[in-house]
Amino acid sequence: MPKSTPEPGSTSPSLSKSASSSKSKSNSASKSTPKSTSGSKPGPTSKSRARSGSSGRSSRTTPVLIVSGVAVAAALLGVVSYTATKPSSPGSGGASSVAEVSADPTAGVYPELEAYARRDAADKLALGRPDAPVVLIEYADFKCGYCGKFARDTEPELIRKYVEKGVLRIEWRNFPIFGEESEAAARASWAAGQQGRFWEFHRAAYAEGAKEKGFGADRLAALAKEAGVADLTRFTRDTDSAAARAAVTKDQEQGYTLGATSTPSFLINGRPIAGAQPMEAFTDAVDAAAKAAKAKRGAAGE
């Protein structure tokens, strides 16, 4: 496969295009630092990137200003994401570094980005209590190898340790960047969600070896059946619907507005984390966010 079109999940995330205020500094760091192995991005010739990039430019031209100052926080996201996933020094054995989480629970947190959590009880692509003190937002692609690694190795433990105890809510954002099959899988996941089977579809699509089988129409129908989607005729209709396209586009535009250029990318109560980091990067971030949320509630007298 040519180097210009790497397989999903095989290359490092790039710096955020929205970080215009630090473009020169960021670009030089990107060029002089070895590749990371914890996130993935499309090759320059990806058709999806061309289409999604267009949506990104539109959303960056008219960004969704959730609160004052969000544009500045978004510009910093790319730099923070790169720092979170850059490789270790040569003397560390070449292992990917862990995204550092300070003992200060507010360090590396951009309060403006917390507002991107929807906390909608009717959100079929979310898991956990809407009023959970911590919200993890994941921007991911079903053809992304590192997204699959996170889904298989890390997410189940986060669900057991935090979601089931009411501490954490996970909100999914479809962020397809690897072409037409990525976009079709994103719409199919939304369609499965309309019948209450999003997470079952998510598990089937991210199973070991699943992405290598592709995400053509027949394959998506088979995954829906495996996920227990009851009405496959409705599933097919919903997958191709304008509503599915609008929902996926909404998620994509939010990701581009934030400066995400690779998958998986995460926000944990306003703290950016990029790539399929080791478990401790996520547990440290969730613990810090929960501690900060508790202190905030105490200060408010709740």
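Since we're looking at a predicted model, the values are computed, not measured.
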Shared hydrophobic cluster for V248 and L258 (ILVMFWY, side-chain gaps under 4.5 Å): no

Side chain to side chain contact (heavy atoms under 4.5 Å, CB included) between N269 and V109, intermediate numbers included: CA-CA 7 Å; N269 276 21; V109 174; 5.7 Å; no

Check: T236 side chain, L232 main-chain N or O, donor-acceptor pair, under 3.5 Å: yes

Approximate separation, where rounding is to 0.5 Å, of R197 CZ and S189 OG: 14.5 Å

Sequence-distant partners of E114, salt bridge (charged side-chain N to carboxylate O under 4.0 Å, His left out), two or more places apart: none

Donor-acceptor under 3.5 Å (D251 side chain, R173 main chain): no

Side-chain (D141) to main-chain (F178) donor-acceptor, under 3.5 angstrom: yes

Spatial distance of atom CG (D240) from atom CZ (R245) [nearest 0.5 Å]: 6.0 Å

By side chain to side chain donor-acceptor pair (under 3.5 Å) - contacts of E164 (at least two apart): none

Side chain to side chain contact (heavy atoms under 4.5 Å, CB included) between F150 and C144, worked out: CA-CA 10 Å; F150 173 79; C144 161; over 6 Å; no

E171 side chain vs L125 backbone, donor-acceptor pair below 3.5 Å: no

Pair F282 + F266: ring centers closer than 6.0 Å: yes

Closest non-hydrogen atom pair, A151 against Y206: CB-CD1, 3.5 Å

Flag for Y162-D287: side-chain donor and acceptor within less than 3.5 Å: yes

Set of side chain to side chain donor-acceptor pair (under 3.5 Å) partners for D153, sequence neighbours left out: K149

Nearest heavy-atom neighbours spanning P264 and E138: CB-OE2, 4.1 Å

T283 side chain to E280 backbone, donor-acceptor under 3.5 Å: yes

Criterion side chain to side chain contact (heavy atoms under 4.5 Å, CB included) on D123 and R169, from CA distance to verdict: CA-CA 11 Å; D123 186 352; R169 175 177 174 83; 3.9 Å; yes

Name every donor-acceptor pair, under 3.5 Å, that has one atom in a side chain of residues 127-137 and the other anywhere in the protein, sequence neighbours excluded.
{"from": "R129", "atom 1": "NE", "to": "D131", "atom 2": "OD1", "distance (Å)": "2.9"}
{"from": "R129", "atom 1": "NH2", "to": "D131", "atom 2": "OD1", "distance (Å)": "3.2"}
{"from": "R129", "atom 1": "NH2", "to": "D131", "atom 2": "OD2", "distance (Å)": "3.2"}

4.5 Å side-chain heavy-atom contact, S182 and I177: no

Minimum-distance pair of heavy atoms, taken over all atoms of T257 and Y116: CG2-OH, 3.8 Å

Straight-line distance of D284 CG to I268 CD1, nearest 0.5 Å: 10.0 Å

Non-neighbouring partners of E157 that pass salt bridge (charged side-chain N to carboxylate O under 4.0 Å, His left out), sequence neighbours left out: R160

Chi angles and distances behind the side chain to side chain contact (heavy atoms under 4.5 Å, CB included) call for Y139, N174: CA-CA 6 Å; Y139 300 85; N174 274 305; over 6 Å; no

Minimum heavy-atom distance between T263 and A140, given as atom pair plus value: CG2-CA, 4.0 Å

salt_bridge(E208, R152) N-O dist < 4.0 Å: yes

Minimal non-hydrogen separation, T239 against A191, with atom names: OG1-CB, 3.4 Å

CG-NZ distance between L223 and K213, expressed to the nearest 0.5 angstrom: 8.5 Å

Test of ring centre spacing under 6.0 Å for F142 and W172: yes

Residues that R187 engages under salt bridge (charged side-chain N to carboxylate O under 4.0 Å, His left out), provided they are two or more places apart: none

Rounded distance (nearest 0.5 Å) linking atom CZ of F175 with atom CD of Q252: 7.0 Å

Under 3.5 Å donor-acceptor, E181 side chain and K143 backbone: no

Parallel, tilted or perpendicular: rings of H202 and F198 (30°, 60°): tilted

A188 to F201 - nearest heavy-atom pair and separation: CB-CZ, 3.8 Å

Heavy-atom donor-acceptor pair, Q195 side chain to D231 backbone, under 3.5 Å: yes

